[in-house]
Amino acid sequence: MATQKRDLEVWKFGGASLADAAAIARAVALIRKHDRPLVVVASALGGITDLLLQGAAAATSGGDAEARRAAAEFLRRHRDVARSLVPAGAARRRLLATIDASAREFRELCVAIGVLGHLAPRASDLLVSRGERISAAMVAAALSQARRRAAFVDATDIVVTDDHHGGAAPNLAATGSRARARLKPLLATATIAVVPGFIGRAPDGSITTLGRGGSDLTATLLARALGAKRVVCWKDVPGILTADPRLVSEARLIPQLHHREAAEVAHYGAKVLHPRALIPIAGTRITLHVRSFINPDQPGTEVSARKSLSDYPVKALAIVRGQAIVTVAGKGMVGVHGIAARTFVAVDAERLSVSTIFQASSESSIGFTLPEAEADRAVTSLKTAFRDELASGLIDNITARRGMAVIAVVGDGMVGAPGIAARVFTALADGGINVVAIAQGSSERNISFAVTSDQASEAVRRVHDAFQLSKIGGGRAPAAPRTDVVLLGFGRVGRALADQIGSANGHAMVRVVGLLDRSGYIFEPRGISRRRLSELASRKDAGALLADLGGRGVPSSEALAFMAGHAVSRPVLVDVTSEETSDLLRAALGSGFSVVLANKKPLAGSWGSYEQLLAASANGNCQLKYEATVGAGLPIIDTYHKLAETGDRVLRVDGCVSGTLMYVVSAVSAGKPFSQAVREAVDKGYAEPDPRDDLSGRDAARKALILARLLGYRGTAPTPDDLVPRRLRNLPFDRFMARLREVDAEWRARVAQEAAKGRVLRYVVSATPRAVSARLTAVPITSPIGALQGTRNLVAFTTSRYSSEPLVVSGPGAGAQVTAAGILNDIYSLAQSARRRVLASEADR
Ligand code: ADP
Ligand code: ASP
Ligand code: MG
């Protein structure tokens, strides 16, 4: 008996490990290989608890069809498993009868709930309990089938809880003695007890649940009761990771954690363990292992009384969303005794449990967080408790702020390590993340802070980076963080860019993870493969929208928020649309995206909107780059910055920045009829589908304004010379093209007149800090602009240093390929600055 006890293990299989018949068969195979004493705790099959709860929720609001569907799905999934795991015979019949009865009872309960119109926690617990019970019964049957002695033991006979339905607390002593009485005889005969997780029984005999994810707690309760050696939780992750892998793609396995640390990680919302799972075994010699069901040979995470990884003062980050901060505030509170105590008594009276208590900016308030749904009850209870103080003005108000997330930075090594808080808050400040409140760390083993939900994912990533958590356990962090690109618009330029990213082998660290168009989005956090991209490109070419190509049809702002909330690394949003996207871009910058523009409109609107966009990017590490807006791939903005950085002063910029206008005007100057030049520009794909968009000069004017603003110009946009005569402006495209010949003679005359003076026509933009223009002008044929041909662009910088002869940047300035190249350049420069930051912080360590 003594050896048996020392060797005893409790294995818990989570929902993902019991998803279907194949998964259960693998679980059974793992159990069979283990020849020591064992108790098994089973969760419901993956997704079943949600299914039952959703069906019931639908029933309360009259959705009987949905409840019926849930019952049918419940029946189907369990029957499938039973049929494929247990051969025809008495055992299978028993199982199928239980499944049928459960589904029927579920239906009946739903009907009753529909009549009542609400779902009390007590009824809800009874309803979901069948998920775990059936699952455990099936595992027991499958084990017997595999010739291991096994018995189903109902948890409601063992786990004694209080009557707090929906999140009951176990009674350790009572549970301990029942567990020993029920399970020891089975262990003595080498029988594996299979116990449903998650559920227990209240003193009044009703069924309770331990709160979502409660099977973890069932396992540690049983381990404590039986003095087991270890608990193993088999999950769909390799173990406990440094952060939720759905948020941080660089999250890594933590090889070992102290009980206390794991308890904090769980308490602060890392879904990987139930918040109270560590309580029964804290302070004991029982170890808990979180292991990969997918790779059962890997050791996973050991949670024990050992201390290791002392180089890492911070080991993990946890996050709880959907929180509200409730504040009791009033100047009269300073120094008044007992307000804090009364606050928490009032909250406790409502059986609400506060997750974090916050330090106020001044002494005159007390704040705490709890789930949003409970905020109203807390506020009402507090208002009653402090009725007199509110009336007398001692307390000014009691408020709830919703939409918050609480992030906990956890690690034993933080005690006594100086500067941890500073590192956390510097990383957040660098990311432009606004910390709403900071928790009073009683344990010093964690720092928690609250941020608004939309900034939470980025906050987690920043702190994860700041502590180099991607290297924990000796693993090498990638040499540079990846750069994840999301394309806003997937037209010609977007497709050329996707292709260039795919074929740039040396830069495997840049990949496309998302596409957005007017219809919806496609998001692949691991990167959209090159094949899929080119397949999507050809479907788009044929006129399809992303929503038709497997994308989700939601507005772009929603799509971006969704992506920002996922495991994106150094995300960059590339705008290749020609829409007014300023609002969206600002939102992206605010949620951690850098932005690269080929789209000129957001930079060429009102001064106010331009300034707001710049301000959004000045905040934190998110940058705004827009090389491709002027001169496509030519380094024009870049040249300006280099001149400015080296102390030169740019006095004026002149140039030809429209490929189409260059082509048309230079061809006309060389003797071609205007109508023919325009036709060729359209046919060769230089011009917009309707060439009037270019000929109007509007596009050139936008570029001029972007250049002028770079120089400090704050005035209005220039009114460009329009090369389309007024009478042709509003014609349908075909009529317009047909009548274009009417203007040929006029152009011929003008060209001849200038040629006589040694001059040619060019469409020239000019920018200074005080003025900006976009004009058709005549320039000497010998000047750099006069010598320019084809679609080439040219920009001349006149500066303090280049005063007599300007610095000229010239080359091909139009077309999807070169525009994509300009964008790619911006993306690489963002990726490189991220890399420099990583190397710098490595040197600090
Ligand atoms: P079970 O199948 O045992 O119920 P859960 O699904 O409850 O397992 O927990 C595992 C999930 O927890 C993972 O799929 C992962 O998405 C999430 N998770 C959140 N934070 C962490 C973390 N720090 N480490 C590992 N997984 C985490
Ligand atoms: N099945 C329950 C849930 O989904 C309990 C658990 O999985 O531990 O929350
Ligand atoms: Mg769970």
Side-chain angles (χ1 to χ4, degrees), residues 11-19 23 27 41-54 74 124-125 127-136 155 159 166-168 195-200 208-221 231-255 257 261-262 264-277 288-294 300-301 303 314-321 407-411 456-457 460 463-464 469-470 472 525 565-567:
W11 284 10
K12 179 235 144 164
F13 289 91
S17 324
L18 302 174
V41 173
S43 296
L45 308 197
I48 288 295
T49 308
D50 286 333
L51 179 77
L52 292 171
L53 289 173
Q54 281 156 12
F74 176 90
S124 172
D125 280 357
L127 191 120
V128 291
S129 66
R130 58 205 74 234
E132 263 67 15
R133 280 173 148 169
I134 293 191
S135 149
V159 179
V195 184
F198 183 47
I199 59 176
T208 53
T209 62
L210 306 172
R212 295 305 304 267
S215 304
D216 299 326
L217 178 54
T218 307
T220 53
L221 277 170
V231 179
V232 179
C233 293
W234 297 97
K235 307 223 174 209
D236 65 347
V237 271
I240 300 178
L241 307 180
T242 50
D244 187 335
R246 290 165 298 182
L247 297 183
V248 182
S249 54
E250 279 89 16
R252 286 190 67 94
L253 177 72
I254 311 169
L257 279 173
E261 293 172 314
E264 302 240 355
V265 169
H267 172 75
Y268 283 99
K271 185 190 172 229
V272 65
L273 283 176
H274 181 276
R276 287 174 278 132
L288 178 141
H289 298 254
V290 177
R291 293 182 58 181
S292 167
F293 183 67
I294 300 142
T301 300
V303 178
V314 167
K315 297 198 185 72
L317 308 176
I319 172 169
V320 213
R321 290 178 190 271
I407 295 170
V409 181
V410 177
S457 309
V460 171
V463 177
H464 197 269
L469 294 183
S470 56
I472 208 161
H566 274 71

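Order of listing sets the numbers, starting from 1, for every ligand and every atom in it. All values derive from a computational prediction rather than experimental measurement.
Residue R212 places at least one N or O, backbone or side chain, under 3.5 Å from an N or O of ligand 2. Every N/O-N/O distance between S43 and ligand 1 stays at or above 3.5 Å. Checked against a 3.5 angstrom limit, the closest N/O atoms of D236 and ligand 1 fall inside it. For T49, a nitrogen or oxygen atom sits less than 3.5 Å from a nitrogen or oxygen atom of ligand 2, counting backbone and side chain alike. Inclusion of L241 in the set of residues having an N or O under 3.5 Å from an N or O of ligand 1 is warranted. By the 3.5 Å distance cut-off applied to N or O atoms, T242 is not counted among the residues near ligand 1. The shortest N or O to N or O distance between G15 and ligand 1 is below 3.5 Å. Of the N or O atoms in G213, one or more lie within a sub-3.5 Å distance of an N or O in ligand 2. Inclusion of D216 in the set of residues having an N or O under 3.5 Å from an N or O of ligand 1 is not warranted.
With a heavy-atom cut-off of 4.0 Å, S215 touches ligand 2 through backbone and side chain alike. In V272, the parts holding a heavy atom less than 4.0 Å from any atom of ligand 1 are both the side chain and the backbone. By the criterion of a heavy-atom distance under 4.0 Å, the side chain of P245, and not its backbone, is placed next to ligand 1. If you look at K271 next to ligand 1, the close heavy atoms, those under 4.0 Å, come from the backbone and the side chain alike.
When all heavy atoms are compared, the tightest approach of F13 to W234 is CE2-CD1, 3.5 Å. Minimum heavy-atom separation, A262 to V303: CB-CG1, 3.5 Å.
Among all protein heavy atoms, the one lying closest to atom 4 (O) of ligand 1 is K12 NZ, 3.6 Å. The protein non-hydrogen atom at the shortest distance from atom 7 (O) of ligand 2 is S43 OG, 3.6 Å.
Of the options L273, L247, D244, the smallest heavy-atom separation from atom 20 (N) of ligand 1 is shown by D244. Among E132, H274, K12, K271, the residue whose heavy atom sits closest to atom 5 (C) of ligand 2 is E132.
A salt bridge does not link K271 with D216: every distance from a Lys NZ or Arg NE/NH1/NH2 to an Asp or Glu carboxylate oxygen is 4.0 Å or more.
Between the side chain of T242 and the backbone N or O of A251, no donor-acceptor pair lies under 3.5 Å. Between the side chain of T301 and the backbone N or O of I254 there is at least one donor-acceptor pair closer than 3.5 Å. Between the E132 side chain and the S43 main chain, no donor and acceptor come within less than 3.5 Å of each other. In this structure, K235 contributes its side chain and V272 its backbone to a donor-acceptor pair below 3.5 Å.
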